[in-house]
Chemist: 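Let me begin by handing over the structure; questions about it come next.
Note: hydrogens, waters and symmetry copies are ignored here, and every other heavy atom, side chains too, is used.
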Amino acid sequence: MGQMLRSGELRGRQLDDRNTWLVSLASVQDRARVDVGRGRPWADHTVASVIAALSDGSQVDAKTHQRLRNTSVEQLWRKIAQAVTVRRYRTRNTEIARPHLALTGESAIDRIGEKLVGESRVLHGYLREIDLEDLIDDAGLVEDGDGNLAIHELRASEPKWAHGSHAPRALIAVDCAREPSTRVRSAGLRALEDMRVHWLGQNT
């Protein structure tokens, strides 16, 4: 449990006695959603290859090709999501953080051909060209499990897309699929399956 809290897989805060943690229920529910049951997590390079293949049609090795063919969309999004940690913060003005983020999830849902009515109350994104500590100072971030800013982090070295304004389409779809909102989740699953079917059609 302590390791999961320190790595960001679970969110919470350490109490004054330093041996007790108060764990966010929302983060426990989030980890339960991405649980795939048995089987090892995919390696970082596999996750990166799958994201690139589904987003821009990149080629993959034979083993990854087989995974894309045989993995259901419900398993696929969870396998990718296991490589992503999400930390929630509260800030008085999310617009200060926006220029430093590659938007994802509901904040970039138009990139996967979907449109929602109204603005999301949470801004989602991957850091680009700034350290988390600097953004915390610049935007006055306070860690809060129900905060209005969600910082996503892909478990791997800095990806080449981290300098753009949006995450890759496949990752946007995965981050939508992990949301508790039925409408957002359905949009992510639908888009991810469309990408998978299209890629297989071009590479089979």
Chemist: Could you state whether Leu192 and Leu200 fall into the same hydrophobic cluster, counting links through intermediate Ile, Leu, Val, Met, Phe, Trp or Tyr residues with side-chain heavy atoms under 4.5 angstrom apart?
Modeler: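 Yes, it is one cluster - the side chains of Leu192 and Leu200 are joined through contacts under 4.5 Å.
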Chemist: Under a 3.5 Å distance rule, please check whether Ser55 uses its side chain to pair with a backbone N or O of Ala170 as donor and acceptor.
Modeler: yes
Chemist: I need the full list of ring-ring contact (aromatic ring centres under 6.0 Å, His included) pairs touching residues 171-198, with sequence neighbours left out, sorted by first then second residue.
Modeler: none
Chemist: Nearest 0.5 Å, what's the NZ-CD distance between Lys63 and Gln66?
Modeler: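 The CD atom of Gln66 is 9.0 Å from NZ of Lys63, to the nearest 0.5 Å.
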Chemist: Check Gln59 against Asn203 and note the closest heavy-atom contact, atom names and distance.
Modeler: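 Closest approach of Gln59 to Asn203: NE2-OD1, 2.9 Å.
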Chemist: Looking at every non-hydrogen atom in both residues, tell me the closest pair between Ala102 and His166 and how far apart they are.
Modeler: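 Of all heavy-atom pairs spanning Ala102 and His166, the closest is CB-C, 3.9 Å.
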Chemist: Within a strict 4.5 Å, meaning less than it, do heavy atoms of the Tyr126 and Ile151 side chains meet?
Modeler: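 No, side chains not in contact.
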Chemist: Assess whether a salt bridge exists between Arg185 and Glu74, defined as any Lys/Arg side-chain N lying under 4.0 Å from an Asp/Glu carboxylate O.
Modeler: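 Yes.
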Chemist: Quick one: list whatever passes side-chain contact (heavy atoms from CB on, under 4.5 Å) with Asp194, sequence neighbours left out.
Modeler: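 Residues passing side-chain contact (heavy atoms from CB on, under 4.5 Å) with Asp194: Arg190.
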Chemist: If you measure from CG on Asp134 to CG on Leu141, what distance do you get to the nearest 0.5 Å?
Modeler: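 Reported to 0.5 Å precision, the distance equals 11.0 Å.
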Chemist: Measure the spacing between CD1 of Ile51 and CD1 of Ile172 and express it to the nearest 0.5 Å.
Modeler: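 Going from the CD1 atom of Ile51 to the CD1 atom of Ile172 covers 11.0 Å.
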Chemist: Spell out, as yes or no, whether a donor-acceptor pair under 3.5 Å connects the side chain of Ser49 to the backbone of His45.
Modeler: yes
Chemist: Would a 4.5 Å heavy-atom cut-off, applied to side chains only, mark Gln82 and Trp42 as touching?
Modeler: no
Chemist: If every non-hydrogen atom of Arg128 is compared with every non-hydrogen atom of Gly164, which pair is closest and at what distance?
Modeler: CD-O, 2.8 Å
Chemist: For Glu95, check salt bridge (charged side-chain N to carboxylate O under 4.0 Å, His left out) against everything at least two apart and list the hits.
Modeler: Arg98
Chemist: Do Thr46 and Lys79 come within less than 4.5 Å of each other through their side chains, counting heavy atoms only?
Modeler: no
Chemist: Do Val142 and Ile130 sit in one hydrophobic cluster, given that two such residues count as connected whenever their side-chain heavy atoms are within less than 4.5 Å of each other, even indirectly?
Modeler: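 Hydrophobic grouping puts Val142 apart from Ile130.
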Chemist: Quick one: list whatever passes side-chain contact (heavy atoms from CB on, under 4.5 Å) with Ala150, sequence neighbours left out.
Modeler: Val86, Arg88, Val122, His124, His152
Chemist: Rounded to the nearest 0.5 Å, what separation is found between the CG atom of Leu101 and the CG atom of Leu149?
Modeler: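 One gets 6.0 Å once the value is rounded to the nearest 0.5 Å.
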Chemist: According to a hydrophobic-cluster definition based on side-chain heavy atoms being under 4.5 Å apart (Ile, Leu, Val, Met, Phe, Trp, Tyr only), do Leu123 and Leu132 belong together?
Modeler: yes
Chemist: Between Thr94 and Asn148, is there a side-chain donor-acceptor contact under 3.5 Å, judged purely by atom types and distance?
Modeler: no
Chemist: Of all heavy-atom pairs between Ile112 and Cys176, which one has the smallest distance, and what is that distance?
Modeler: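 Taking Ile112 first and Cys176 second, the nearest heavy atoms are CD1-SG, 4.1 Å.
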Chemist: Is a donor on one side and an acceptor on the other found under 3.5 Å between the side chain of Arg155 and the backbone of Thr85?
Modeler: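 No, because the side chain of Arg155 does not come within donor-acceptor range (under 3.5 Å) of the backbone of Thr85.
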Chemist: Rounded to the nearest 0.5 Å, how far does OG1 of Thr71 lie from CD1 of Ile80?
Modeler: 9.5 Å
Chemist: Compare all side-chain heavy atoms of Ile109 with those of Glu114 and state whether any distance is below 4.5 angstrom.
Modeler: yes
Chemist: Are the side chains of Leu189 and Trp77 in touch, meaning some heavy atoms are under 4.5 Å apart?
Modeler: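 In contact.
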Chemist: Please list all pairs meeting ring-ring contact (aromatic ring centres under 6.0 Å, His included) that have one or both residues in residues 82-101, counting only residues at least two apart or in different chains.
Modeler: none
Chemist: Would a distance-only check, ignoring hydrogens and angles, find a side-chain to backbone donor-acceptor pair under 3.5 Å from Ser186 to Thr182?
Modeler: yes
Chemist: How far does CD of Glu133 sit from CG of Asp138, to the nearest 0.5 angstrom?
Modeler: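 Going from the CD atom of Glu133 to the CG atom of Asp138 covers 11.5 Å.
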Chemist: Keeping the roles fixed (side chain from Thr91, backbone from Gly140), state whether a donor-acceptor pair exists under 3.5 Å.
Modeler: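 No, the answer is negative, given that no donor and acceptor are paired below the 3.5 Å cut-off.
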Chemist: Could you go through the side chain to side chain contact (heavy atoms under 4.5 Å, CB included) check for Val174 and Leu76 one step at a time?
Modeler: CA-CA 9 Å; Val174 167; Leu76 179 60; over 6 Å; no
Chemist: Check step by step if side chain to side chain contact (heavy atoms under 4.5 Å, CB included) holds for Asp61 and Thr64.
Modeler: CA-CA 5 Å; Asp61 59 33; Thr64 304; 2.8 Å; yes
Chemist: Is there a side-chain contact between Ile136 and Asp131 (heavy atoms, below 4.5 Å)?
Modeler: no
Chemist: Please, which pairs that meet ring-ring contact (aromatic ring centres under 6.0 Å, His included) have at least one residue in residues 56-76, sequence neighbours excluded?
Modeler: His65-Trp199
Chemist: Answer yes if Val60 and Val50 sit in the same cluster of Ile, Leu, Val, Met, Phe, Trp and Tyr residues linked by side chain heavy atoms under 4.5 Å apart, and no otherwise.
Modeler: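 Linked, Val60 and Val50 end up in one cluster.
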